[in-house]
Amino acid sequence: MNPIIPVWHHNFVDELKCIDTLLYFHRVVSVDTEFPGFLIRTPRRACEFHTYSNLKHNVDATTLIQLGLTLSDENGNIAGCWEFNFSFDVQTEVHTDDSLEFLKDHGIDFDKLKNEGIDVRFFSDAFGHILAKHRNLIWITFHGLYDMAYMLTMVTKNSLPHSSLEFTELIANVFGCYVFDIKYIATFCDGLRKGQLGLEKLAKILRVKRVGGAHQAGSDSLLSAEVYFKLKAVYGIDESKHVGFLYSIGNRIRRSVRPRVLYPSFTRHCQPKIYHPMLVPPPFFHPFVLHPIRSNVMFL
């Protein structure tokens with residue numbers, strides 16, 4: 001049985017409800033994304049300024065194709081894995097041809113994405129509301145610079161900030177500071193070539209078996225979760241030394257001590273909701289519901 005749940009437009013609300021419930025006891029969220037390529041490629045030894053500049057250009061100009069989320073508790077017990085498939089039209093969306101061919105070769109169905117994919121704006125509202133409820137999550141990535149960048153633009157509905165410092169501060173404001181990048185951690189582990197390994201090779205060294213296909217967001221997020229916990233067990237990782245660092249970015253993810261204003265679209269989700277205890281509980285996705293006919297977001 002495949003533990004990876006594919007999520008499309010028709011089952012999106014039900015699966016997000018399930019995730020919302022599980023997050024109360026499974027606070028570790030492993031993330032992977034699939035996106036339509038690099039419009040500008042960054043050389044391996046590029047300085048941080050050019051790395052971030054290229055990141056911003058690529059992410060601001062493109063949209064997400066898949067998002068994989070794997071939930072586990074802090075002991076490594078996995079509760080489930082979800083692969084969100086977003087609406088994507090190859091005729092209109094910015095992409096690179098080689099990246100789309102690569103993803104097609106690894107099983108991504110672009111015809112189905114066009115017809116049955118989730119509207120990313122709908123996902124942004126729903127997921128932003130869940131994040132506002134669960135503010136103590138631990139995020140796991142592998143080489144997660146682009147993963148966190150795409151998630152940030154999706155939740156805030158804005159382009160990335162202009163500097164890597166503002167970028168890491170905004171991650172802290174939106175997702176919290178507990179972010180771990182496996183590739184960064186591997187640079188401090190003997191026998192792992194100072195982090196110069198892909199996820200697949202690292203999994204083989206640690207004897208972690210993949211479920212599903214490579215370069216699909218669900219499978220990659222599940223493998224990242226299992227590799228992370230195996231890495232901790234084998235190397236006795238001191239998490240305090242690695243928390244908040246993304247591979248290839250020097251600034252640590254931490255909240256700014258300077259006055260700042262959150263993006264309006266995320267701030268709206270963070271407004272406290274007060275309900276009288278004698279009244280009927282609020283609907284699950286307050287302040288929006290799924291309209292039964294038009295299937296879009298309606299604000300109450």
Side-chain angles (χ1 to χ4, degrees), residues 23 26-33 42 46-56 58-60 67 69 71-72 74 124 127-189 194-195 221 224-225 228-229 231-232 235-272:
L23 281 174
H26 299 83
R27 299 171 46 245
V28 183
V29 185
S30 176
V31 178
D32 185 76
T33 60
T42 306
C47 68
E48 182 169 329
F49 174 82
H50 285 109
T51 297
Y52 183 76
S53 177
N54 293 349
L55 169 80
K56 176 173 169 57
N58 290 329
V59 173
D60 287 351
L67 171 67
L69 298 177
L71 271 55
S72 23
E74 294 179 61
S124 299
F127 193 57
H129 182 64
I130 286 179
L131 288 180
K133 292 171 63 178
H134 302 279
R135 300 294 291 165
N136 59 343
L137 302 179
I138 299 167
W139 300 90
I140 308 300
T141 69
F142 182 87
H143 206 172
L145 185 61
Y146 274 79
D147 297 329
M148 297 308 297
Y150 272 107
M151 287 189 49
L152 199 59
T153 59
M154 185 166 53
V155 173
T156 63
K157 298 183 182 178
N158 277 275
S159 57
L160 292 177
H162 291 288
S163 72
S164 61
L165 176 60
E166 293 173 302
F167 170 68
T168 52
E169 290 177 349
L170 188 57
I171 290 175
N173 293 337
V174 175
F175 299 104
C177 299
Y178 288 93
V179 179
F180 294 92
D181 189 328
I182 297 168
K183 190 172 180 70
Y184 175 84
I185 296 173
T187 63
F188 300 92
C189 299
K194 296 184 178 181
S221 75
S224 295
Y228 173 73
F229 287 108
L231 197 65
K232 283 181 62 178
Y235 287 91
I237 300 298
D238 180 356
E239 292 179 327
S240 64
K241 295 181 179 178
H242 307 297
V243 62
F245 287 106
L246 293 173
Y247 188 84
S248 73
I249 290 288
N251 294 310
R252 196 171 197 168
I253 296 170
R254 62 182 68 187
R255 290 185 174 87
S256 173
V257 296
R258 298 177 287 108
R260 80 278 184 186
V261 178
L262 287 177
Y263 284 117
S265 58
F266 183 74
T267 305
R268 176 170 57 81
H269 293 302
C270 295
Q271 299 304 315

For S164 and E48, work out which heavy atoms get closest and say how close. OG-OE2, 2.9 Å

Could you tell me the separation between the CZ atom of F167 and the NZ atom of K56, rounded to the nearest 0.5 Å? 11.0 Å

Of all the heavy-atom pairs spanning L170 and P161, show the shortest one and how long it is. CD2-CG, 3.9 Å

Compute whether any side-chain donor of one residue and acceptor of the other, for T42 and N54, lie under 3.5 angstrom apart. yes

Close side-chain approach of I171 and L246, heavy atoms under 4.5 Å: yes

Heavy-atom side-chain contact between V179 and D181 under 4.5 Å: no

Using side-chain heavy atoms (C-beta onward) and a distance below 4.5 Å, is T168 in contact with R254? no

Flag the pair I237 / C189 as yes when at least one side-chain heavy-atom distance between them is below 4.5 Å, and no otherwise. yes

Closest approach of H134 and L137, non-hydrogen atoms and distance? O-CG, 3.6 Å

First locate atom CD1 of I185, then atom CD of E239, and finally report the distance between them rounded to the nearest 0.5 Å. 7.5 Å

Would you compute the distance between atom CD of E166 and atom CG of N251 and round it to the nearest 0.5 angstrom? 10.5 Å

Is there a donor-acceptor pair closer than 3.5 Å between any side-chain N or O of R27 and the backbone N or O of W139? no

Could you check whether any side-chain heavy atom of F175 comes within less than 4.5 Å of a side-chain heavy atom of L152, counting everything from C-beta outward? yes

Is any side-chain heavy atom of N58 closer than 4.5 Å to one of Y146? yes

So does H162 have more than 12 non-hydrogen atoms from other groups sitting under 6.0 Å from NE2? no

With a 4.5 Å heavy-atom cut-off, do L67 and M154 have their side chains touching? yes

Considering non-hydrogen atoms only, spot the tightest contact between T51 and S248 and give its length. CG2-OG, 4.0 Å

How about OH on Y178, more than 12 heavy atoms from neighbouring residues, nucleotides or ligands closer than 6.0 Å, or not? no

Nearest heavy-atom neighbours spanning R255 and C177: NH1-SG, 3.7 Å

Measure the shortest side-chain to side-chain distance between S72 and F229 over non-hydrogen atoms and say whether it is less than 4.5 angstrom. yes

Please round to the nearest 0.5 Å and tell me the distance separating atom CG of D147 and atom CD1 of I140. 12.0 Å

Supply the atom-to-atom distance D60 CG to L55 CG, rounded to the nearest 0.5 angstrom. 8.5 Å

If you take the centroid of each ring, where Trp contributes its six-membered ring, are F180 and H242 closer together than 6.0 Å? no

How far apart are the closest heavy atoms of S221 and V31, and which atoms are they? CB-C, 4.1 Å

Gap between atom OH of Y247 and atom CZ of F142 - 0.5 Å precision: 9.0 Å

